[in-house]
Amino acid sequence: MRNSRDTQLLCELSRPGRRAARLPACDVPERDIADLLPTEATASSPPALPEVTEPQIVRHFVNLSTMNMSVDTHFYPLGSCTMKYNPKRNERAAAMPGFADLHPCQPEETIQGMLALLYEMQEYFQEISGLPACSLQPAAGAHGELTALLVAAAYFKDLGENRSKVLVPDNAHGTNPASAAMAGYRSITVKTTSDGFVDMADLASKLDDEVAVMMITNPSTLGLFEPHMREIADQVHARGGLIYLDGANMNAILGITRPGDWGADMQHYNPHKTFSGPHGGGGPGAGPICVIEKLAPYLPTPIVRKEDSLYALDFNLPKTIGRVRSFFGNVGVLVRAYAYIRTHGPDGLREVSENAVLNANYLLSRVKHILPVPQGNRCMHEFVASANTLKKDKGITAMDIAKRLLDYGFHAPTVYFPLTVPEAMMCEPTESESKETLDAFAEVLFRITEEDAELLHDAPHSTAVSRPDEVRAARQPVLTWAALSEAN
Ligand SMILES: *Cc1c(COP(=O)(O)O)cnc(C)c1O
C-alpha cells in the first residue's frame, strides 16, 4: 500500500519529443542494422523509452534516492549482513583508472599493479584465516561455499572415497544447505541446544564415514562463539571429514583468533561485509575462499603467483575444479577490501573487531530488558533478541517493531532469522556506530514497545510505501505503476 509521498515513474512523465540531451549530427556513414545482425536478432520497432527533460530525470532519481534507507543515511543494524560504513576512500581507490579501466584480456605485463594487489589479497586472506591457500574467484559468500564444497568433492573423489553428506547446524544461514545441495550432497541438519550451541549428542548420532563436510558458522548467527569448536573439528576429522567455516561473521574475530587454528579446513570471506564493500542494493560482493594445503591443488584457476619481482597468473593446476567465474572474479570489491585492510593495518583490524563486539554488547545490555536475548547476556558482534514476550503480552510482533523503526529513521534489524529463536530480531550494530546512535536506537525501541499495538500493525506511516504483503510482494512483484494502482 502506498503512503502519500508518491513519485511518478519516468514512463508516466514521458511526453513525445522531450529530450535530456541532444546528440550531434551523425558524421559517419549510416549502416542498416540488417547488414550487421540477423533479422531474428533485431526488434521490429524501437524500444518505448521514456522521453523526459534533464531536470525531470535528475529530480526523479534524487527523489527516489531519498525514499530509501542506506548506510550513508541511517543506522542499519541488519544482523548477519554487517552493514558497516563504506569508507569513501575505498571508492576512490576502486575508481582509479589504473584499476577501473583495465581490460581482463590485457597481457600480464601490463596489469602488474592489479596482479600485485590480488596477490597481496591472497596473502592477507590466508594470514587472517590461518589457512595457507586462497582463490579470489567466487563472486559472493554463497558462491564461495559452493566452490569450497566442489573442492572438497574433488578431493574425496581423488581419494576414492564415496561421501554423500554435509552436516549443517539448524541455525545456519540458508545458503549453507542450498550450497550443499548444489554441490550434489545431501544436507543433514544438526540440532543446536537451547543455549545456541551445536548439540554434541546429535552431532555424534549423525557423524559417520559418509560425511564429507561439516559446515559451521563461528561465531554463529546467534553471535556466539562455539565453545566445542575444537572438539567438533576433532570428531569430524577423526571420521575423515572436513570442516567448512562460513566466514560471514569474521567481523567479530579479525586479528584475535584464526579459524585455521581451531580446525577449519576451508572458509569463505564476505569482503563486502567484513571489509566494508557496499552491498545489498549497493553493489556486488565477492566470496574468496581459503583452504588447507592438501586442498590447494583443487582450487579454481588462475591463482596469482609471484616469481622474482613479477606477478603471473597460474593456470597450471592439473587437479583444479576449473573456473567458477569469468576472469579473476569481482575485482572491484577486492580493491575496496584492499583499501580497507591497508587503511587499518593488523592492529587496526583487531580494533575493528573489538569495537564491533563492544558495540554489540553495549546495545544488548541496553535492550535486553524490553527485548530479552534468550541466549544470554554476552555476545560477539551481534545478538538475537526476541519479541516473543511482547507478542504474548501486548500483541506486538517482531515485524511490527521492525516496520515502526522505519518511522523513527532506523533501518530494522534482521527479523525471523534464525528460526530457532521465536520472534527473532537480530541486531548487528557494527563498529561504525557511536554510543549516541546506539542509545538513540535503544530509546526508540523502548518507546515503540510502549505504543499502541494497533498503530504498530499498520506501520510504517511516514515512508513512501507502507506495509506490503510480504509474501505477495516476493512472489508477484509489481513492476508497473498501473499494476500497482490496480493492486490498491
Ligand atoms: C551473508 C551470509 C552468507 C552469504 O553470503 P553472500 O555474500 O550474501 O552470498 C552466508 N552465511 C552467512 C552467515 C551470512 O551472513
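Order of listing sets the numbers, starting from 1, for every ligand and every atom in it.
Neither the backbone nor the side chain of H279 has a heavy atom within less than 4.0 Å of ligand 1. When non-hydrogen atoms are compared, ligand 1 lies under 4.0 Å from the side chain of E145 (C-beta onward) but not from its backbone.
Considering backbone and side-chain N/O of N249, none are found under 3.5 Å from N/O of ligand 1. Taking any N or O of D246, backbone or side chain, at least one lies under 3.5 Å from an N or O belonging to ligand 1.
Using modelled atom types and a 3.5 Å distance limit, the side chains of D400 and T397 yield a donor-acceptor pair. Using modelled atom types and a 3.5 Å distance limit, the side chains of E431 and N359 yield no donor-acceptor pair. In summary, the side chains of S220 and T217 do not present any donor paired with an acceptor at a separation below 3.5 Å, with no hydrogens or angles considered.
The shortest non-hydrogen separation linking A154 to I321 is CB-CG2, 3.8 Å. Across every non-hydrogen atom of T189 and D202, the tightest pair is O-OD2, 4.0 Å.
For atom 5 (O) of ligand 1, the closest non-hydrogen atom of the protein is N270 ND2, 2.9 Å. Annotation: atom 6 (P) of ligand 1 to nearest protein heavy atom, G141 N, 3.5 Å. Distance from atom 2 (C) of ligand 1 to its nearest protein heavy atom, with residue and atom name: K273 NZ, 2.4 Å.
Numbered from 1 in the order shown, with element, the atoms of ligand 1 that lie under 4.0 Å from a heavy atom of A142 read 4 (C), 5 (O), 6 (P), 9 (O). Below 4.0 Å from some heavy atom of S80 lie the following atoms of ligand 1, by number and element: 13 (C), 14 (C), 15 (O). The A248 neighbourhood of ligand 1 comprises atoms 2 (C), 11 (N), 12 (C), 13 (C), 14 (C), 15 (O), with distances under 4.0 Å to a heavy atom of that residue.
Side chains of H381 and E428 form a contact here, defined as non-hydrogen atoms less than 4.5 Å apart.
Between H411 and Y76, the ring planes lie parallel to each other; the angle is under 30°, not in the 30° to 60° tilted range.
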